[in-house]
Amino acid sequence: MNIYFGKNLKELRLKKNLTQEKIADILGVSFQTVSKWERGDTYPDITLLPDIADFFNISVDDILGTNRVKNENEITAFCRYYDNLTDDKQRKSAIEDALKNHPADFRILLRYMSYLIHFEGNTTKIMPKVRTIYDNIQQNCTDDSIRICAKRHIVQYYRNMARDKNSGITFDEVEKILSQMPYMRDGRDFISAYVYPLDHPEHYNICKESIEEEVGLICCTLTHCFLWDDDFDADYNINIAEKINSIINLFYDKDNYGVQWRIIIKNYMDIGFFYYRKGDNKNAYRYLKYSAESAKKFDLLDKISTLNSLLLNGIEFDKSTLGSNFIASSSVKEKLTDGYPFSEYFKSTDAFKNIINMLE
């Protein structure tokens with residue numbers, strides 16, 4: 001059985017802003033004894049445990065941390081489950097239940113903060129909750145990855161709030177947080193790719209995973225920065241979308257796109273729409289059909305497939321990482337019928353209806 005008494009005692013003491021000397025006085029021991037407890041060198045006499053637990057208003061099991069392994073397994077399983085959800089109602093129910101069981105865990109709080117921002121709507125109504133969670137994470141969480149991820153979520157929220165003159169948020173606050181975030185080259189994926197020794201058994205897997213992450217990031221950056229900018233015409237948008245596809249095809253084999261499947265499927269839809277916008281319906285139908293065909297191919301994939309391209313050979317792709325309930329065909333159908341501003345005439349044509357029928 002694992003015991004986390006020393007670590008728990010230190011965390012509880014610091015939360016109450018108490019010194020080791022103060023705890024020692026309360027318990028009638030020397031501060032050196034408390035120091036040894038916190039380092040894990042020794043443990044207190046069993047008769048002292050109820051007094052220590054009572055002082056911090058917790059159970060003996062909690063102060064010993066005997067439930068910690070069980071809680072850790074529960075939290076890890078929840079995070080894996082929650083991150084694969086695509087249904088908003090399921091997300092809401094799941095995160096609310098997790099908060100009841102683990103209200104102080106920063107991994108749960110980070111996901112709750114993300115849920116509020118991305119699924120409760122970008123409004124000032126959620127601002128007090130978001131700020132409270134964010135401040136808690138920044139001030140008390142020691143995991144840099146969680147703290148940085150919280151910054152990523154709040155800058156997205158503040159960016160949207162800055163557009164509302166009544167929100168009290170300006171873009172200066174967005175820039176302030178951005179200035180505290182690391183450059184991409186300081187990220188785990190990039191650094192791991194050249195830190196792992198060549199003879200390490202995971203070296204090539206780490207490099208391949210880094211490539212996948214970086215390809216996804218550059219494609220997302222191109223999409224956000226250039227693809228839907230109204231300052232550019234349809235031809236420019238088409239060229240950018242084609243560039244994104246070219247980047248993905250450089251690293252992946254056709255019809256085996258791993259974590260980039262969603263980008264490929266949506267890109268074909270976007271190109272189809274841009275051709276529609278410039279009045280070229282023939283090419284619009286052609287690319288919308290490509291998107292529908294790609295969606296069907298994705299849905300027919302096994303849950304686990306293996307990439308076989310030159311640079312990513314052997315990497316396994318788990319479809320559930322794109323959302324356990326993600327069905328590409330129904331997603332494309334919804335976007336084509338309701339997401340893009342196609343005219344009713346365009347949607348009434350036989351060519352468009354045939355594409356929709358492919359997705360049934």
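The chain is numbered in sequence order, starting from 1. Keep in mind the model is a prediction, meaning the values are calculated, not measured.
Salt bridge Arg147/Asp144: present, at least one basic N to carboxylate O contact under 4.0 Å. Salt bridge status for Glu72 with Arg107: present, with a side-chain N to carboxylate O gap under 4.0 Å. For the pair Glu11 and Lys7, the salt-bridge criterion is met [side-chain N within less than 4.0 Å of a carboxylate O]. Taking a cutoff of 4.0 Å between a charged side-chain nitrogen and a carboxylate oxygen, Arg277 and Asp233 do not qualify as a salt bridge. For Glu38 and Arg13, the salt-bridge test passes: some basic side-chain N is under 4.0 Å from an acidic carboxylate O.
Panel note: side chain Ser35, backbone Phe31; no donor-acceptor pair is recorded below 3.5 Å. Side chain of Ser291 to main chain of Ile265: a donor-acceptor pair is present (N/O by atom type, distance under 3.5 Å, no hydrogens or angles). For the pair Asn267 (side chain) and Ala241 (backbone), a donor-acceptor distance under 3.5 Å is present. Remark: the backbone N or O of Leu336 is not paired with any side-chain donor or acceptor of Lys347 at under 3.5 angstrom. Side-chain atoms of Thr321 come within 3.5 Å of backbone N or O of Asp318 as a donor-acceptor pair. Counting only distance, with no hydrogens or angles, the side chain of Asn308 and the backbone of Asn313 share no donor-acceptor pair below 3.5 Å. Remark: side-chain polar atoms of Arg111 are not paired, donor with acceptor, to backbone N or O of Ile95 under 3.5 angstrom. A donor-acceptor contact shorter than 3.5 Å is absent between the side chain of Ser331 and the backbone of Ile327. Between the side chain of Lys319 and the main chain of Leu301, a donor-acceptor pair closer than 3.5 Å is present. Asp280 contributes a side-chain N or O that, together with a main-chain N or O of Asn283, makes up a donor-acceptor pair within less than 3.5 Å.
There is a side-chain donor-acceptor pair under 3.5 Å between Asp270 and Tyr340. Side chain to side chain, Ser329 and Lys333 fail the donor-acceptor criterion of an N or O pair below 3.5 Å. There is no side-chain donor-acceptor pair under 3.5 Å between Glu344 and Ser348.
In this structure, Lys92 forms no cation-pi arrangement with Tyr115, as its terminal cationic atom is not both closer than 6.0 Å to the ring centre and no more than 45° off the ring axis. Taking the centre and axis of the six-membered ring of Phe55, the NZ or CZ atom of Lys16 falls inside the cone set by 45° and 6.0 Å.
For Trp228 and Phe274, the gap between ring centers is short of 6.0 Å.
At least one side-chain heavy atom of Asn249 sits under 4.5 Å from a side-chain heavy atom of Tyr257. Ile177 has its side chain within reach of Tyr134: a pair of non-hydrogen atoms, C-beta onward, lies under 4.5 Å apart. Contact check for Leu227 versus Leu222: no side-chain heavy atoms found under the 4.5 Å cut-off. For the pair Ile169/Met127, a side-chain contact is recorded, criterion being any heavy-atom separation below 4.5 Å from C-beta on. With contacts defined as side-chain heavy-atom distances shorter than 4.5 Å, the pair Phe298/Ile264 does not qualify. The side-chain heavy atoms of Tyr194 and Ser210, taken from C-beta on, include no pair separated by under 4.5 Å. Looking at Thr349 and Asn281, their side chains never come closer than 4.5 Å, going by heavy atoms from C-beta outward. Two residues are said to be in side-chain contact when any heavy atoms from C-beta on lie closer than 4.5 Å; Leu109 and Leu99 meet this criterion.
Counting heavy atoms of neighbouring residues, nucleotides and ligands inside a 6.0 Å radius, atom CG of Leu310 does not exceed 12 of them. A 6.0 Å sphere centred on CZ of Arg188 holds no more than 12 heavy atoms belonging to other residues, nucleotides or ligands. Within 6.0 Å of the CZ atom in Phe346, the count of heavy atoms belonging to other residues, nucleotides or ligands exceeds 12. Environment of NZ in Lys151: crowded, with over 12 heavy atoms of neighbouring residues, nucleotides or ligands closer than 6.0 Å. Summarising the local packing, CD of Glu334 is surrounded by 12 or fewer heavy atoms from other residues, nucleotides or ligands at distances under 6.0 Å. Under a cut-off of 6.0 angstrom, the local environment of CG in Asp186 is crowded, with over 12 non-hydrogen atoms contributed by other residues, nucleotides or ligands. No more than 12 heavy atoms of other residues, nucleotides or ligands lie within 6.0 Å of CG in Asp350, so this atom counts as exposed by the packing criterion. No more than 12 heavy atoms of other residues, nucleotides or ligands shown are found within 6.0 angstrom of CD1 on Ile218.
With a 4.5 Å cut-off between side-chain heavy atoms of Ile, Leu, Val, Met, Phe, Trp and Tyr, the cluster of Tyr196 takes in Ile206.
Tracing side-chain contacts under 4.5 Å through hydrophobic residues (I, L, V, M, F, W, Y), one never reaches Tyr204 starting from Val195; they form parts of separate clusters. Hydrophobic clustering of Ile, Leu, Val, Met, Phe, Trp and Tyr side chains at less than 4.5 Å, counting indirect connections, keeps Leu14 apart from Leu27. By the rule that hydrophobic residues join a cluster once side-chain heavy atoms approach within less than 4.5 Å of another member, Ile315 and Leu217 end up as members of separate clusters. Hydrophobic cluster membership differs between Met181 and Ile191, with clusters built from Ile, Leu, Val, Met, Phe, Trp and Tyr side chains linked at under 4.5 angstrom. Under the 4.5 Å side-chain heavy-atom criterion for Ile, Leu, Val, Met, Phe, Trp and Tyr, Tyr183 and Ile148 are members of distinct hydrophobic clusters.
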Between Trp37 and Leu48, is the side chain to side chain contact (heavy atoms under 4.5 Å, CB included) condition met? List the steps. CA-CA 12 Å; Trp37 289 347; Leu48 275 177; 3.9 Å; yes
Passes side chain to side chain contact (heavy atoms under 4.5 Å, CB included), Leu288 versus Tyr276? Steps please. CA-CA 10 Å; Leu288 296 182; Tyr276 161 81; over 6 Å; no
Let's go through Asp143 and Phe106 carefully: what are the C-alpha distance in whole Å and the side-chain angles of both, what is the deciding distance for side chain to side chain contact (heavy atoms under 4.5 Å, CB included) to 0.1 Å, and is it a yes or a no? CA-CA 9 Å; Asp143 187 325; Phe106 291 116; over 6 Å; no
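To the nearest 0.5 Å, the span separating CD on Glu242 from OG on Ser246 amounts to 6.5 Å. Taking CD from Gln32 and CG from Asp41, the interatomic distance works out to 13.0 Å, rounded to the nearest 0.5 Å.
Annotation: ring pair (Phe, Tyr, Trp, His ring centres under 6.0 Å) contacts involving residues 233-256, sequence neighbours excluded, comprise Phe232-Tyr236.
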